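Working notes, structure below.
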Amino acid sequence: MSLLIVGSVAFDAIETPFGKTDKIIGGAASYISLAASYFTQKSKLVAVVGEDFPAAFINHLQAKGVDTEGLQIKKGEKSFFWSGKYHTDMNSRDTLITELNVLADFDPIIPDSYQDCEYLMLGNLTPAIQQLVINRLTKRPKLIVMDTMNFWMEIALDDLKNTLKMVDVLTINDEEARQLSGEYSLVKAAAKIREMGPKYLIIKKGENGALLFHGKEVFFAPALPLEEVFDPTGAGDTFAGGFIGYLAKTGDISFENMKNAIIFGSAMASFCVEKFGTERIVELQEEELQHRIAAFRNLVKFNLASV
Ligand code: AMP
């Protein structure tokens, strides 16, 4: 089933305790599209880049089955640029630079051929633009998943709250959940955030896994313990791409199937952090994904007949 992906396609410059990059390919929608392409060949991208953006990456997305008709290339303008630096523990980072460039006046035009999409993934982007995308769809998709970040909570909280009312699933990290709700307990935070709109809430906890809240139910998926985390940039987006890609592939949006989707999202994210930027997920082989799913299964499998 078809999947519409909206978000930043960008240049990033990243500094981790393991090294530093110049401008490399980044952006929420880049990671989401790459991750989702392992599950569905029916994804369609809406994003904007400047004339400085490499055609080779766009060609790569197309080769992976991503429709790029909705990717605008602005002549004479520069692509969105983000730069971040990770602390020694890799769990926290500082944003050093956010240059909106083409994102500043992005008008998300939805091609007619995208109108039938059943799944919508709103990657990290100005909340007002995320909302505009929903309003421009002639038919509401079967499932709308949204990601956001602290940056928008600080500069566009009202817009963010309005957009939240329109989505089914929100994915955010633990720090952001606490900031948005004003609650330290993630259980209390989840209850407050779900009152803001989304029926399902996924709280990502980095190396401590992810929680899915719905109704009175909670599901926990661990993160795979890795010997080395090289660069966590894009892990959240890769997770989201795997999550929605799996749902779009299976066409089943039940809570039970969302549990499986979270495992696939976590498996994709575990690859993302092994190299800088998109490097690892670009080269990922289907076989490697299957092995990792097996590793997840073993990680949480135990035989306990009764207590
Ligand atoms: P994550 O590590 O999952 O939070 O995602 C990092 C990606 O988000 C980077 O590739 C950035 O280009 C992108 N990003 C960072 N800040 C923003 C922002 N304000 N709006 C849109 N995308 C952003």
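Computed from a predicted structure; not experimentally measured. In what follows, residues are counted from 1 in the order of the sequence shown. Counting starts at 1 for both ligands and their atoms, in listed order. Both backbone and side-chain heavy atoms feed into the values below; hydrogens, waters and symmetry mates do not.
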Could you say whether the N/O atoms of Ser8 and ligand 1 ever approach to under 3.5 Å?
yes
Closest protein heavy atom (residue, atom, distance) for atom 18 (C) of ligand 1
Phe80 CZ, 3.6 Å
What atoms of ligand 1 come closer than 4.0 angstrom to any heavy atom of Thr233?
2 (O), 6 (C)
With respect to Thr98, determine whether any N or O atom, backbone or side chain, lies less than 3.5 Å from an N or O atom of ligand 1.
no
Ligand 1 versus Asp12: contacting region, heavy-atom distance under 4.0 Å:
side chain
Atom 2 (O) of ligand 1 - nearest protein heavy atom and its distance:
Gly234 N, 2.7 Å
Same cluster or not: are Leu103 and Ile109 linked, directly or through other Ile, Leu, Val, Met, Phe, Trp or Tyr residues, by side-chain heavy atoms under 4.5 angstrom apart?
no
Residue, atom and distance of the protein heavy atom nearest atom 21 (C) of ligand 1 read Asn124 O, 3.2 Å
Short N or O distance, Tyr31 and ligand 1, threshold 3.5 Å exclusive
no
Taking only non-hydrogen atoms of Phe11, do any sit less than 4.0 angstrom from ligand 1?
no
Could you tell me whether ligand 1 has any atom less than 4.0 Å away from a heavy atom of Phe81?
no
Test your reading of the structure: does Leu103 have an N or O sitting under 3.5 Å from an N or O of ligand 1?
no
Residue from Phe296, Phe39, Phe239, Tyr38 passing ring-ring contact (aromatic ring centres under 6.0 Å, His included) with Phe264:
Phe39
For atom 6 (C) of ligand 1, closest protein heavy-atom neighbour
Asp237 OD2, 3.6 Å
Hey, which atoms in ligand 1 end up nearer than 4.0 Å to a heavy atom of Gly26?
10 (O)
Check ion pair Lys259-Glu256 (N to O, under 4.0 angstrom)
yes
Between Gln290 and Glu286, is there a side-chain donor-acceptor contact under 3.5 Å, judged purely by atom types and distance?
yes
In ligand 1, the atoms that come under 4.0 Å of a heavy atom of Met149 are 16 (N), 17 (C), 18 (C), 19 (N)
So the salt bridge (Lys or Arg N to Asp or Glu O under 4.0 Å) pairs with at least one residue in residues 120-145 (sequence neighbours excluded) are Asp107-Arg136, Arg140-Asp168
Using the ring-ring contact (aromatic ring centres under 6.0 Å, His included) rule, collect all pairs that involve residues 179-210, keeping only residues at least two apart or in two chains.
Tyr200-His214
Any donor-acceptor N/O pair, Ser83 side chain to Ala13 backbone, under 3.5 Å
yes
May I ask whether Trp152 places a heavy atom under 4.0 Å from ligand 1?
yes
Which protein heavy atom lies closest to atom 4 (O) of ligand 1, and at what distance to 0.1 Å?
Arg93 NH2, 2.9 Å
Gly27 versus ligand 1: do any nitrogen or oxygen atoms come within less than 3.5 Å of each other?
yes
Check: Asp67 side chain, Glu69 main-chain N or O, donor-acceptor pair, under 3.5 Å
yes
For the atom pair CZ (Phe11) and CD1 (Ile24), what is the distance rounded to the nearest 0.5 Å?
10.5 Å
Taking CD in Glu287 as the centre, count heavy atoms belonging to other residues, nucleotides or ligands within less than 6.0 Å. Is the count above 12?
no
On the six-membered ring of Phe271, is Arg292 placed so that its NZ or CZ lies under 6.0 angstrom from the centre and within 45° of the ring axis?
yes
